[in-house]
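Notes to accompany the following structure.
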Amino acid sequence: MSFLPNEQEKEEMLKAIGCKTVEDLFRDIPREFRSPPINLPDPMSEIEIKDYFKEILSKNASFEDMPSFFGGDVMPHWIPSAVEALVSRPEFYSAYFSYQPEASYGMLQTLFEYQSMICELTGMDVAPIGLYDSASTLGEAARMCARVTKKSEFLIPKNVSWQKKSVLKNYTKGCGLEVKEFPYDKSNGKVDLSGLEEEISQHTAGIYLENPNFFGIIDDRLEKIKRLRESNEFLLVTGVDLLSLGVIKPPSEWGADLVIGEGQALGNPMNLGGSLLGVMASKRKYMRQLPGRIVGLTTDRDENPAFCFTLQTRDQFIKRDRSSSNICTAETLHACASAVYLALMGRGGLIKLAKWNFERGYRLKQALKEVSQVEIPFERELSFNQVLVRCKRKKAEDVNKELLANGIQGGLILTKQFPELGEVALYGVTEQHKDEHIEKLVKTLERIA
Amino acid sequence: MSFLPNEQEKEEMLKAIGCKTVEDLFRDIPREFRSPPINLPDPMSEIEIKDYFKEILSKNASFEDMPSFFGGDVMPHWIPSAVEALVSRPEFYSAYFSYQPEASYGMLQTLFEYQSMICELTGMDVAPIGLYDSASTLGEAARMCARVTKKSEFLIPKNVSWQKKSVLKNYTKGCGLEVKEFPYDKSNGKVDLSGLEEEISQHTAGIYLENPNFFGIIDDRLEKIKRLRESNEFLLVTGVDLLSLGVIKPPSEWGADLVIGEGQALGNPMNLGGSLLGVMASKRKYMRQLPGRIVGLTTDRDENPAFCFTLQTRDQFIKRDRSSSNICTAETLHACASAVYLALMGRGGLIKLAKWNFERGYRLKQALKEVSQVEIPFERELSFNQVLVRCKRKKAEDVNKELLANGIQGGLILTKQFPELGEVALYGVTEQHKDEHIEKLVKTLERIA
Amino acid sequence: MNKWIVPLINEVGSLNKSGVRLPDVKLPFDLPTDLKRKDLNLPGATEPEVVRHYTKLSKLNYAIDEGIYPLGSCTMKYNPKLGEQIANLPDVKNLHPSQDESTIQGLLEIGWSLERMLCEITGMDACTLQPAAGAQGELVGLLIARAYFEALKRGRTQVCLPDSAHGTNPASATMAGYEVIEIPSKKGRVDIDGLKKAVTENTAVFMLTNPNTLGLFEKDIKEIARVVHSKGALLYYDGANLNGLMGWARPGDMGFDIAHLNLHKTFASPHGGGGPGSGPICVKERLSDFLPIPRIKKSGTEERYSLEYDYPKSIGKIHSYYGNWGVIVRAYCYLLLMGNEIKKAAGQAVLNANYLKKKITQSGWYVEPYKDVCKHEFVLSCKKLLEKKGVRALNVAKRLLDYGVHPPTIYFPLIVPECLMIEPTETESKRELDNYAKILRDIAEEDAETLKNAPVSTPVKRVDEVQAARKPLLTWKELVSISAERK
Amino acid sequence: MNKWIVPLINEVGSLNKSGVRLPDVKLPFDLPTDLKRKDLNLPGATEPEVVRHYTKLSKLNYAIDEGIYPLGSCTMKYNPKLGEQIANLPDVKNLHPSQDESTIQGLLEIGWSLERMLCEITGMDACTLQPAAGAQGELVGLLIARAYFEALKRGRTQVCLPDSAHGTNPASATMAGYEVIEIPSKKGRVDIDGLKKAVTENTAVFMLTNPNTLGLFEKDIKEIARVVHSKGALLYYDGANLNGLMGWARPGDMGFDIAHLNLHKTFASPHGGGGPGSGPICVKERLSDFLPIPRIKKSGTEERYSLEYDYPKSIGKIHSYYGNWGVIVRAYCYLLLMGNEIKKAAGQAVLNANYLKKKITQSGWYVEPYKDVCKHEFVLSCKKLLEKKGVRALNVAKRLLDYGVHPPTIYFPLIVPECLMIEPTETESKRELDNYAKILRDIAEEDAETLKNAPVSTPVKRVDEVQAARKPLLTWKELVSISAERK
Ligand SMILES: Cc1ncc(COP(=O)(O)O)c(C=O)c1O
Ligand SMILES: Cc1ncc(COP(=O)(O)O)c(C=O)c1O
């Protein structure tokens with residue numbers, strides 16, 4: 001019983017409470033519901049479990065074993081060893097929510113710093129400490145638009161991932177918000193701004209725009225978008241690649257009321273897509289409508305600086321059925337990791353890394369252009385570290401299969417969602433992709449695509 | 001300059017000390033000795049270094065990749081995850097020696113507990129906190145015998161590893177101690193006790209006996225050895241397998257004055273043979289002659305329990321050329337690991353593990369007996385987790401080569417050191433060796449030996 | 001403000017410093033000025049500075065590895081180190097969610113096996129690991145119920161729950177589009193008559209946790225299930241309290257139709273200061289078609305695992321991908337470590353709770369609102385302290401900090417005045433429990449002033465939460481601008 | 001004794017507990033009773049208990065990751081986290097020392113490359129990584145000298161060293177069988193006249209560290225080398241202070257014949273509370289044949305690495321195997337991180353030291369015994385404090401603990417009365433240095449009583465080291481028996 005310290009003291013403890021056996025403590029369960037012996041295996045030793053995991057995990061192929069080129073919110077990014085060392089301190093990971101601020105000073109300050117750095121990066125004023133992932137964060141953002149504006153429609157571009165759309169639908173089901181799609185421009189892959197303008201009405205609670213968008217394209221019509229926002233009474237929710245903000249203008253400068261993004265890139269592992277980190281930040285005027293927990297700086301009895309959770313009247317534990325969100329356990333440890341990550345990077349590091357990712361994306365695009373069997377649908381457009389690729393001869397699915405047989409995992413196939421674009425897949429690269437990886441991809445495509 | 005915090009402040013600092021450049025601070029070095037630019041590569045980034053190590057380390061084959069059957073002081077042992085988690089806390093690993101006991105309470109108590117547990121295990125009274133490895137510990141033990149007895153000869157069995165003999169020679173060079181060997185009995189692999197008795201004289205400062213010995217054999221003549229020790233004026237130094245003490249009588253009960261052993265088995269990795277942990281423990285009466293640092297329990301000003309290094313008048317920093325040893329930096333962190341390890345194991349765990357190792361050794365012996373091309377020279381003798389094996393047809397070296405080609409690393413070849421035994425190799429197994437490993441070994445030997 | 005314990009990281013760092021070495025890559029093309037960022041006020045620090053900064057902060061944070069953390073409803077049990085080690089392997093961490101199934105067979109097998117185990121433990125038929133936490137699990141459960149009733153073409157608009165329910169329950173119900181009907185408890189348990197009145201043909205779901213938030217087993221569960229089902233409604237199990245039952249009884253057997261579990265509570269994955277967690281949903285067969293996609297399928301004799309999307313009735317997705325794998329792996333590791341001894345764990349958790357309750361209540365200062373055998377947790381009221389000394393539960397909690405232990409949950413559930421909600425879990429030793437009880441008894445004897453001034457030995461003294469709410473100061477940028485104004 | 005901060009582990013655990021699960025294997029044969037152990041008084045504890053126990057203890061231990069640790073002569077610099085990560089990989093940790101060379105090519109290549117780098121940095125020709133720490137390196141170096149003279153058939157019996165030498169120097173000399181001749185320093189440096197008198201045809205080695213233990217560069221090093229070599233003796237470099245020179249000047253160029261390095265000092269491998277360390281020995285070509293076996297050889301165009309034993313003149317072995325690989329890997333990682341910027345690191349280390357010295361001495365309380373530019377460390381005397389206030393260096397050191405920083409080395413080197421030996425290293429920020437200097441200056445102004453009572457804010461107050469030495473109490477067994485006696 002290596003985890004149960006009271007095996008020896010059991011009798012004494014039972015005696016103290018006037019019971020004979022542990023079974024006595026379960027007498028209140030009606031006999032008919034008392035379980036037969038549970039059908040689970042015998043406990044295993046650490047040695048056996050390590051062997052077991054060694055074997056079973058060898059059936060996985062990690063990025064180290066086999067490079068992948070999937071685009072999307074989640075990508076392989078470098079995590080500095082100091083980030084890993086710090087968030088693996090049990091002082092952080094084995095704590096609960098900082099309900100007693102006097103005993104949780106460390107976590108609260110770390111989270112305050114997270115909020116501060118996310119706000120610097122996005123140009124916003126307030127940032128809750130980390131929601132589940134980018135998709136559910138979009139859901140929360142939409143719900144927030146409804147709360148703020150009391151209006152009934154939320155507009156999203158057609159070219160948003162189907163996962164986001166599906167999660168959004170589930171998140172907005174309860175608040176009676178209708179999600180409407182506006183088209184993208186098939187000539188350049190960007191959202192069709194006039195199509196969008198047509199959809200805007202007095203019912204529009206919010207609009208969602210991504211930059212770079214789901215095709216990896218950077219929209220350069222920021223002034224237009226800003227004017228659109230200014231002349232209308234809705235909230236503009238922007239989805240960004242947080243890393244790209246090292247170089248690209250923050251959404252605060254083109255009209256955003258709310259910024260959301262996937263925080264995995266900021267010092268967190270991919271973990272097969274979970275756990276992730278939903279980053280959200282807003283203008284200060286909306287702070288009382290935000291979902292999730294927020295840390296405030298205050299003072300203690302001696303007037304020394306101290307931190308605690310604040311704006312709690314939005315929270316489920318106080319507001320119950322009228323709270324801004326049901327979220328309780330969130331992704332706090334990942335927010336800590338991102339705080340450490342951003343502190344290590346600093347302005348200089350982040351700018352360098354953003355440029356590097358631009359360079360990788362550019363290099364990938366250039367390399368793919370040379371492959372005769374594929375084409376780049378929106379080749380002329382600016383892009384960050386992702387490129388949409390069209391296979392001219394084979395199905396994208398078959399191409400991926402052949403790539404796999406050659407030790408490469410190809411791009412994220414979008415054909416099903418966007419049949420109008422043909423056999424397309426979204427390829428992505430980061431600072432983790434070496435020249436050799438790209439070369440191997442290109443050579444293999446040349447051979448098999 | 002991710003490790004140098006003052007790049008920006010440099011000018012200000014230089015100004016404060018009245019210098020223009022950093023070069024000014026090196027003016028006192030004669031020009032002729034000022035180095036030309038150092039011929040080292042440019043600094044690399046973490047990303048590059050990780051890739052580099054990934055590649056270079058893939059040229060190694062660890063126990064996970066390929067089981068090994070080497071006997072000797074170092075063997076693959078299970079390290080509980082809690083041990084690894086605790087000794088990787090920087091509070092332990094990034095501290096220095098606990099010179100300021102008020103600020104190093106944690107390490108000192110941990111080491112006091114290490115001393116206590118090692119003494120329980122060995123039956124001794126005092127244990128310094130961890131010397132380099134078993135070989136240099138033997139050297140220190142021999143020197144200690146000379147200090148205590150002021151005599152000039154140290155007797156060791158012929159069947160001790162050549163490494164130990166070589167290190168011993170280097171360690172005893174300075175104190176004028178002559179190392180003499182006594183024979184082992186070729187019929188049973190144990191030391192020849194009458195041969196030993198013949199060697200004992202009024203010059204004998206100490207005798208070294210191993211149990212289990214270098215052939216993996218357990219000596220059952222403990223009463224005889226005890227009597228031998230009692231009737232003579234020398235120190236008995238015993239080399240033990242610390243794990244075996246879960247089951248075997250501690251050397252304190254058969255006359256030992258000093259116990260030494262390799263502490264790697266107690267929660268430390270093999271690390272290709274370094275760093276290791278030299279465990280030493282002695283009777284209390286010799287405490288002022290021990291090498292290495294020792295923690296004592298005392299009180300602080302408020303009469304509360306406190307710890308500090310003690311018996312320091314043995315130490316190089318006080319006694320200089322007349323100190324008991326030159327040792328300064330030792331293997332403290334490994335001693336901490338062993339403390340955690342023993343605390344986790346407890347009596348029950350250690351006994352189980354010792355029995356398990358007995359069982360593994362037995363199973364290996366039984367399995368090898370079935371292989372027609374090999375024989376077990378001292379088959380009838382008791383053994384712990386090692387077995388001496390003789391190849392009847394091929395050279396032991398060639399057998400190892402063929403094993404390697406089949407994904408197994410064979411035993412430790414002893415032919416060169418003991419030509420009289422033929423083509424012998426010392427095979428060892430621990431709780432880390434599965435039945436499949438042993439089966440694979442046996443089947444392969446059957447085919448290739 | 002006076003003295004900082006640890007300065008903010010922007011004080012430590014500066015705009016020209018960085019703790020990482022990265023190549024100075026040039027932008028491969030000209031970015032239009034309109035797109036270019038002008039300034040980025042993100043100070044960096046060197047690796048030694050960053051490490052020290054957050055190491056110091058970590059040391060100012062109480063955690064399970066340091067001592068007892070008996071937050072009721074949170075199941076703060078010890079997190080085995082093996083789980084950390086395994087969840088940090090590259091074959092768990094460095095997998096992209098879009099990888100080909102053939103390259104993630106290991107994790108899929110783990111996920112599938114865990115789902116089977118969770119079904120066995122809960123007595124349910126099907127399971128999804130997708131929800132990222134308990135509350136998201138609740139939302140999924142309720143969306144499943146909604147889809148279920150929509151499929152039956154019998155839309156229902158209400159969710160009923162006891163007034164002792166956790167806040168996430170009503171919040172999730174609202175998010176799923178339901179009206180919430182709270183049923184007042186009776187003697188700390190569901191009031192069957194109240195339930196009968198509340199549950200109608202318009203009730204979609206009755207949400208219940210059992211043992212409930214007072215730590216009491218709902219003995220009338222059979223009748224509760226009968227009432228709920230008799231109106232065609234579904235019975236939802238909030239599994240946050242499963243640690244009091246695990247191995248002894250199964251919600252599925254009691255009539256629950258949907259259950260969420262908190263892997264970060266019952267199954268020993270660490271809380272991470274508030275996440276990542278994982279909130280799997282288990283359902284009875286007839287609801288399984290509504291589970292979110294994808295679902296893990298095992299097929300063929302070769303035991304291939306796949307992620308299946310073809311469930312037309314599914315509610316769709318609730319998370320970008322398939323769940324929080326780091327947590328899943330830890331929970332699975334925990335179940336391998338414990339195996340069928342989870343029953344012993346729950347037994348010890350219940351014994352620990354009853355023992356601790358006994359020891360604390362000995363002095364008479366803390367009152368048991370509903371005298372009964374508790375399960376894994378229990379609730380005590382400090383109202384006597386309030387009456388006799390003017391001392392509140394909050395003061396008791398703060399004073400506990402001075403003794404170096406963590407307070408219980410306070411003021412929840414809302415139905416018990418001045419309440420302490422205490423859940424020691426099975427991994428606390430008798431020694432720790434005795435110590436905790438003694439501290440609580442000692443505190444009750446201390447003078448009121450001492451308690452009201454507490455804590456005095458924490459890094460900061462009593463924190464002014466009112467000021468924090470009145471003048472929210474949420475970033476260092478705001479701090480800097482306020483300080484600038486003052487000058 | 002009064003109150004334990006953390007009870008001893010035997011109080012936490014008990015004989016029937018264990019924190020591990022292991023199979024209950026039966027002994028496969030009967031062990032003669034004479035061989036069987038009767039009792040084993042080794043208490044165990046559960047994993048949660050053990051983890052908490054040592055986590056608590058770890059928190060009562062000051063370390064580099066928490067703050068400045070300016071122990072002179074110890075080079076307590078920050079240890080990059082990358083090194084920890086890499087040294088903990090299975091391909092470093094889980095290798096058996098007897099493995100076939102073909103299966104350890106990775107580590108051999110690392111070792112070989114590090115040897116080359118160390119030769120480049122020291123200006124030497126050959127290197128061994130075998131010694132487990134600096135002191136063992138010294139022993140090896142002196143045994144090499146001994147073998148060298150024996151080979152020349154000119155046995156010599158003395159080792160000379162300055163009175164400022166580190167204690168391991170004379171201790172190692174004795175261990176190698178030499179008589180030690182201490183040469184009094186003059187103005188903090190080697191007294192050339194004294195040296196000339198001391199060094200004779202009977203001198204085997206002159207041991208020197210440069211910069212010396214006062215942090216001063218031995219400007220007359222050329223003359224020193226000439227004197228030593230003129231008598232046929234060898235010049236030994238104690239590399240513990242290489243951090244003050246690295247990249248700027250090389251001992252080999254100055255005439256040193258043998259040098260040991262401390263990878264756990266200069267090359268950023270952590271100290272581990274006193275090990276593991278690593279003390280490579282570098283020598284000039286003519287001494288290389290005497291290096292311990294095995295040696296790493298690189299050969300062929302295919303770049304195979306091997307461990308070679310065939311060096312008949314070798315002194316043999318000093319350690320069971322070939323060195324402390326965990327430390328070697330960390331040092332190599334450090335050198336990859338820093339590359340040719342180690343020169344910058346040393347420059348910054350020297351700048352930090354001079355700056356800190358300036359700041360501390362501003363107040364006039366702390367006196368520089370030998371006014372000069374220092375290298376990576378410097379020595380100050382508290383004699384003025386002693387004279388004026390009766391305050392000793394020890395009191396200053398203890399009082400520093402109250403300010404949350406670690407004191408410098410004290411009372412070493414022996415030649416400076418009441419000395420503080422301060423080595424900040426390059427990884428301390430100006431901020432930390434300013435803070436440290438201010439604390440020292442503030443302390444000097446405090447009243448004597450405060451200092452003599454210090455520390456008051458540490459886990460324990462001033463520890464009674466005299467009592468510890470007078471009545472050594474070295475195990476819990478002894479504690480238990482003493483307590484029993486008292487009753
Ligand atoms: C009873 C109960 N239900 C639901 C939840 C919500 O779980 P989570 O925090 O994982 O979202 C909690 C967590 O505190 C709880 O205690
Ligand atoms: C000057 C000097 N020489 C030698 C040594 C001995 O090195 P080690 O502790 O690695 O044995 C030290 C270490 O303190 C030292 O400072």
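Letters A, B, ... are given to chains in the order of the sequence lines, protein chains preceding strands, and every chain is numbered from 1. Keep in mind that the numbers below use all heavy atoms, side chains included, and drop hydrogens, waters and symmetry copies. Small disclaimer: the values here were computed from a predicted structure and weren't measured.
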Measure [X] against the heavy atoms of chain C and call it side chain, backbone, both or neither at under 4.5 Å.
X         : answer
Val295(A) : backbone
Lys355(A) : both
Leu404(A) : side chain
Asp24(A)  : neither
Leu57(A)  : both
Ala339(A) : both
Leu86(A)  : side chain
Ile351(A) : side chain

Original post:
Hey, are the side chains of Lys317(C) and Lys164(A) touching, using non-hydrogen atoms and a 4.5 Å cut-off?
Top reply: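 Of all side-chain heavy-atom pairs linking Lys164(A) with Lys317(C), none is under 4.5 Å.
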**OP:** Flag the pair Arg322(A) / Thr174(C) as yes when at least one side-chain heavy-atom distance between them is below 4.5 Å, and no otherwise.
**Re:**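 Side-chain contact under 4.5 Å: no.
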Which atoms of [X] approach chain A - backbone, side chain, both or neither, heavy atom under 4.5 Å:
X         : answer
Ile342(C) : side chain
Pro455(C) : side chain
Met254(C) : both
Tyr355(C) : both
Val92(C)  : both
Glu138(C) : neither
Leu107(C) : both
Leu336(C) : both
Leu15(C)  : both
Tyr78(C)  : side chain
Thr409(C) : neither
Tyr178(C) : neither
Ile5(C)   : both
Leu31(C)  : side chain

Subject >> Nearest atoms (heavy-atom pairs only) where Tyr93(A) meets Pro270(C) >> reply: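 Looking at all heavy atoms of both residues, the closest pair is O-CB, 3.2 Å.
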**OP:** Not counting sequence neighbours, which residues clear side-chain contact (heavy atoms from CB on, under 4.5 Å) with Asn6(A)? List them please.
**Re:**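 Counting only residues at least two positions away or on another chain, Asn6(A) forms a side-chain contact (heavy atoms from CB on, under 4.5 Å) with Glu9(A), Met13(A), Gln348(C), Asn352(C), Ser429(C), Lys430(C), Leu433(C).
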Largest heavy-atom contact set with chain A, pairs under 4.5 Å, which of [options]:
options                                    : answer
Tyr69(C), Tyr62(C), Tyr322(C)              : Tyr69(C)
Leu245(C), Asn79(C), Leu143(C)             : Leu143(C)
Asn41(C), Ile110(C), Thr427(C), Asp253(C)  : Asn41(C)
Glu47(C), His319(C), Met338(C)             : His319(C)
Gly339(C), Ala132(C), Pro97(C)             : Pro97(C)
Glu426(C), His406(C), Glu109(C), Gln105(C) : Glu109(C)

Subject >> Polar side-chain atom of Gln99(C) near backbone of Leu272(A) as donor-acceptor pair, under 3.5 Å >> reply: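 Not a single qualifying donor-acceptor pair exists.
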Original post:
Under the 3.5 angstrom rule, does the side chain of Asn340(C) hit a backbone N or O of Ile38(A) as a donor-acceptor pair?
Top reply: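 No, Asn340(C) side chain to Ile38(A) backbone: no donor-acceptor pair under 3.5 Å.
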Considering only NZ, NE, NH1 and NH2 on the basic side and carboxylate oxygens on the acidic side, decide whether [X] and [Y] come within less than 4.0 Å.
X         : Y         : value
Asp28(A)  : Lys219(C) : no
Glu102(A) : Lys398(C) : yes
Glu84(A)  : Lys93(C)  : yes
Lys26(C)  : Glu359(A) : no

**OP:** Any chance you could lay out the side chain to side chain donor-acceptor pair (under 3.5 Å) test for Arg301(A) and Asn453(C), step after step, and finish with the verdict?
**Re:** CA-CA 9 Å; Arg301(A) 170 168 301 205; Asn453(C) 280 323; 2.5 Å; yes
Original post:
Taking atom types as modelled, is there a side-chain donor on Ser88(A) or Glu84(C) under 3.5 Å from an acceptor on the other?
Top reply: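 Absent: no donor and acceptor within the cut-off.
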Subject >> Modelled atom types, side-chain donor and acceptor of Ser58(C) and Arg89(A), under 3.5 Å >> reply: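 A pair is found: one side chain offers a donor N or O, the other an acceptor, under 3.5 Å apart.
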**OP:** Tell me, with the steps shown, if Trp476(C) and Glu120(A) meet side chain to side chain donor-acceptor pair (under 3.5 Å).
**Re:** CA-CA 9 Å; Trp476(C) 70 45; Glu120(A) 293 296 348; 3.0 Å; yes
**OP:** Quick one: list whatever passes side chain to side chain donor-acceptor pair (under 3.5 Å) with Glu64(A), sequence neighbours left out.
**Re:**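 By the side chain to side chain donor-acceptor pair (under 3.5 Å) rule, Glu64(A) matches Ser62(A), Asn94(C).
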Original post:
How far apart are the C-alpha atoms of Ile64(C) and Tyr96(A), what are their side-chain angles, what is the distance that settles it, and do they pass the side chain to side chain contact (heavy atoms under 4.5 Å, CB included) test?
Top reply: CA-CA 8 Å; Ile64(C) 261 289; Tyr96(A) 195 67; over 6 Å; no
**OP:** Run the numbers on His53(C) and Glu113(A) for side chain to side chain donor-acceptor pair (under 3.5 Å), then give the verdict.
**Re:** CA-CA 11 Å; His53(C) 181 74; Glu113(A) 292 175 358; 2.9 Å; yes
Subject >> Stepwise side chain to side chain contact (heavy atoms under 4.5 Å, CB included) check, Gln409(A) with His96(C) >> reply: CA-CA 10 Å; Gln409(A) 308 229 30; His96(C) 192 281; over 6 Å; no
**OP:** Please work out which of the three classes, parallel, tilted or perpendicular, describes the rings of Trp4(C) and Phe307(A), given edges at 30° and 60°.
**Re:**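 Taking Trp4(C) first and then Phe307(A), their aromatic rings sit tilted (interplane angle of 30° to 60°).
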**OP:** Just say parallel, tilted or perpendicular for the rings of Phe26(A) and Trp248(C), cut-offs at 30° and 60°.
**Re:**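 Parallel: the ring planes of Phe26(A) and Trp248(C) meet at under 30°.
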Original post:
How far apart are the C-alpha atoms of Gln467(C) and Thr299(A), what are their side-chain angles, what is the distance that settles it, and do they pass the side chain to side chain donor-acceptor pair (under 3.5 Å) test?
Top reply: CA-CA 8 Å; Gln467(C) 178 192 326; Thr299(A) 54; 3.1 Å; yes
**OP:** Find the one option among Lys169(A), Arg34(A), Lys319(A), Lys50(A) whose heavy-atom pairs under 4.5 Å with chain C are most numerous.
**Re:**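 That would be Lys50(A).
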Subject >> Reported CG-to-CE distance for the pair Leu22(C) and Met345(A), which is rounded to 0.5 angstrom >> reply: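 Taking CG in Leu22(C) and CE in Met345(A), the distance rounds to 5.0 Å.
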**OP:** I would like to know whether Asp300(A) and Arg462(C) meet side chain to side chain contact (heavy atoms under 4.5 Å, CB included); could you show each step before the answer?
**Re:** CA-CA 5 Å; Asp300(A) 73 354; Arg462(C) 185 80 64 98; over 6 Å; no
